[in-house]
Amino acid sequence: MSKTDNVKGYESKSINWYPGHMAKAKRMMQESIKLIDVVVEILDARIPLSSKNPDIDELAKGKYRVLLLNKSDMADDKKTAVWKKYYEDKGFFVSIVNSKTGAGVKSTTEVIQKACREKIERDRKKGILARPLRAMIAGIPNSGKSTFINSFAGKACTKTGNKPGVTIGKQWIRINKDVELLDTPGILWPKFEDPKTGLHIAFIGSINDDILYPEDMALELIKILVKDYPGVIKERYGVDVTAEIVPNVTNDSDAAGRDMTKETVTNVSSETAVKILEMIGQKRGCLKKGAEIDLEKASKLLIDDFRTQKLGRITLEMPE
Ligand SMILES: Nc1nc2c(ncn2[C@@H]2O[C@H](COP(=O)(O)OP(=O)(O)O)[C@@H](O)[C@H]2O)c(=O)[nH]1
Ligand SMILES: [Mg+2]
């Protein structure tokens with residue numbers, strides 16, 4: 001039995017995550033979408049791919065689209081800039097924000113106006129008096145919808161209340177003379193097409209951890225860290241990752257005798273990841289009775305360190 005066999009598979013637990021209230025949330029969005037000009041989707045800048053729900057492209061057909069790369073304070077600035085460009089190239093209007101401090105939040109008004117400039121122009125030509133643009137915030141759980149709305153609306157905001165004849169039961173928050181927000185954000189459930197999406201979404205706390213095994217999450221995190229942030233594991237845990245990998249490389253050099261260092265480091269095997277996890281566990285004294293390393297405990301420690309930013313600012317995904 002290989003070491004990886006001890007690590008329970010993702011597949012075995014990937015079934016029951018889908019929440020029953022998904023249909024209701026989707027219905028709410030379908031109803032609300034008729035009332036709005038622009039959908040502002042909030043992404044977690046640490047996972048700009050996994051936190052974006054492709055369903056919304058269908059739901060928001062014909063609407064202007066803004067993407068906010070939120071929690072930018074927790075993500076890697078350079079990578080956030082790459083993602084911004086990536087989505088702009090796809091036609092989205094993109095803004096980098098930190099809803100917690102408010103950085104970049106106010107300027108969302110301008111981004112919304114830019115996204116809606118066709119409509120603004122059209123109305124002006126028709127001589128229609130400009131009314132505030134109507135926006136709906138959408139995003140997966142824990143992406144920061146409530147935090148963003150509170151920051152964007154600020155203290156001075158007033159709920160405009162029901163608009164007779166138009167939006168019975170819907171509350172609007174007047175942000176300023178240019179923008180109104182629907183006060184109920186659209187909740188989208190993450191798409192789980194790739195098993196990695198499930199793991200990445202779990203890292204940011206969008207789904208209940210009980211659904212996944214911490215070992216699976218830790219191994220995925222280790223693979224990413226070794227590949228993209230090689231110094232972090234050494235710095236935090238005193239585990240020299242290269243020492244663990246380079247010997248394999250020397251043995252693994254391909255038939256043509258090429259140096260495989262790069263290939264190996266960009267694609268760490270699960271075996272190696274388990275070895276690194278064990279070393280982290282050892283360094284941190286995560287032991288079971290009989291001095292066996294407690295991989296679950298080590299995994300939780302690593303995940304917790306990621307979530308509390310003890311590993312620094314880390315972006316888990318890059319465009320393909
Ligand atoms: N560091 C940081 N934390 C944030 C940011 N935005 C939201 N949060 C935190 O993320 C968690 C989820 O935010 P919340 O607004 O409740 O997400 P919602 O489920 O989409 O409404 C909370 O603990 C927030 O304090 C941000 O820009 N930076
Ligand atoms: Mg909320």
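Numbering starts at 1 and runs along the sequence shown. When reading the values below, keep in mind they use all heavy atoms of this one structure, side chains included, and skip hydrogens, waters and symmetry mates. We count ligands from 1, going down the list as the structure has it; atoms in each ligand are counted the same way.
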Participant: Can you tell me if S206 uses its side chain to pair, donor with acceptor, with the backbone of A202 under 3.5 Å?
Facilitator: no
Participant: For S143 versus I42, what's the shortest heavy-atom pair and its separation?
Facilitator: O-CG2, 3.5 Å
Participant: Specify the protein heavy atom at minimum distance from atom 27 (O) of ligand 1: its residue, its atom name, and the distance to 0.1 Å.
Facilitator: S99 N, 2.9 Å
Participant: Let's go through M74 and I204 carefully: what are the C-alpha distance in whole Å and the side-chain angles of both, what is the deciding distance for side chain to side chain contact (heavy atoms under 4.5 Å, CB included) to 0.1 Å, and is it a yes or a no?
Facilitator: CA-CA 11 Å; M74 302 180 99; I204 69 142; over 6 Å; no
Participant: Run the salt-bridge test on R131 and D123 with the 4.0 Å N-O cut-off and return the result as yes or no.
Facilitator: no
Participant: Do me a favour and list the nearest non-hydrogen protein atom to atom 6 (N) of ligand 1 with residue, atom name and distance?
Facilitator: N70 ND2, 3.1 Å
Participant: Would you say K145 has any N or O atom under 3.5 Å from an N or O of ligand 1, going by distance alone?
Facilitator: yes
Participant: Output, in order, the C-alpha distance, side-chain angles, deciding distance and verdict of salt bridge (charged side-chain N to carboxylate O under 4.0 Å, His left out) for K52 and D57.
Facilitator: CA-CA 10 Å; K52 189 166 183 316; D57 296 337; 3.6 Å; yes
Participant: Looking only at protein heavy atoms, which one is nearest to atom 17 (O) of ligand 1, and what is the separation?
Facilitator: G144 N, 3.1 Å
Participant: Under a 3.5 Å distance rule, please check whether N70 uses its side chain to pair with a backbone N or O of S99 as donor and acceptor.
Facilitator: yes
Participant: What protein heavy atom is closest to atom 28 (N) of ligand 1, reported as residue, atom name and distance in Å?
Facilitator: D73 OD1, 2.8 Å
Participant: Can you list, by chain and residue number, the protein N, O or S atoms under 2.8 Å from the Mg ion (ligand 2)?
Facilitator: S146 OG
Participant: Would you say K119 and V38 make side-chain contact, with heavy atoms under 4.5 Å?
Facilitator: no
Participant: So for ligand 1, is M74 a polar contact partner (N or O within less than 3.5 Å, distance only)?
Facilitator: no
Participant: Can you hop from V241 to M279 via hydrophobic side chains spaced under 4.5 Å?
Facilitator: yes
Participant: According to the salt bridge (charged side-chain N to carboxylate O under 4.0 Å, His left out) rule, which pairs have a member within residues 91-113, sequence neighbours left out?
Facilitator: none
Participant: For Q282, check side chain to side chain contact (heavy atoms under 4.5 Å, CB included) against everything at least two apart and list the hits.
Facilitator: I293
Participant: Determine whether T101 and D73 satisfy the following criterion, side chain to side chain donor-acceptor pair (under 3.5 Å), listing intermediate values before the conclusion.
Facilitator: CA-CA 9 Å; T101 63; D73 56 308; over 6 Å; no
Participant: Which protein non-hydrogen atom lies closest to atom 25 (O) of ligand 1, naming both residue and atom, and how far is it?
Facilitator: K100 CE, 3.7 Å
Participant: Considering non-hydrogen atoms of the protein only, which is the closest contact for atom 15 (O) of ligand 1, and what is the distance?
Facilitator: T147 OG1, 2.5 Å
Participant: Under 4.0 Å from a heavy atom of N98: which atoms of ligand 1 are those, numbered in the order shown and with their elements?
Facilitator: 26 (C), 27 (O), 28 (N)
Participant: Please determine whether any non-hydrogen atom of S143 lies less than 4.0 Å from an atom of ligand 1.
Facilitator: yes
Participant: List the closest protein heavy-atom neighbour of atom 19 (O) of ligand 1: residue, atom name, distance to the nearest 0.1 Å.
Facilitator: N142 N, 2.9 Å
Participant: Once ring-ring contact (aromatic ring centres under 6.0 Å, His included) is applied, what residue pairs with a partner in residues 22-77 remain, sequence neighbours excluded?
Facilitator: none
Participant: To check your reading of the model: name the closest protein heavy atom to atom 10 (O) of ligand 1, its residue, and the distance in Å.
Facilitator: K71 NZ, 3.1 Å
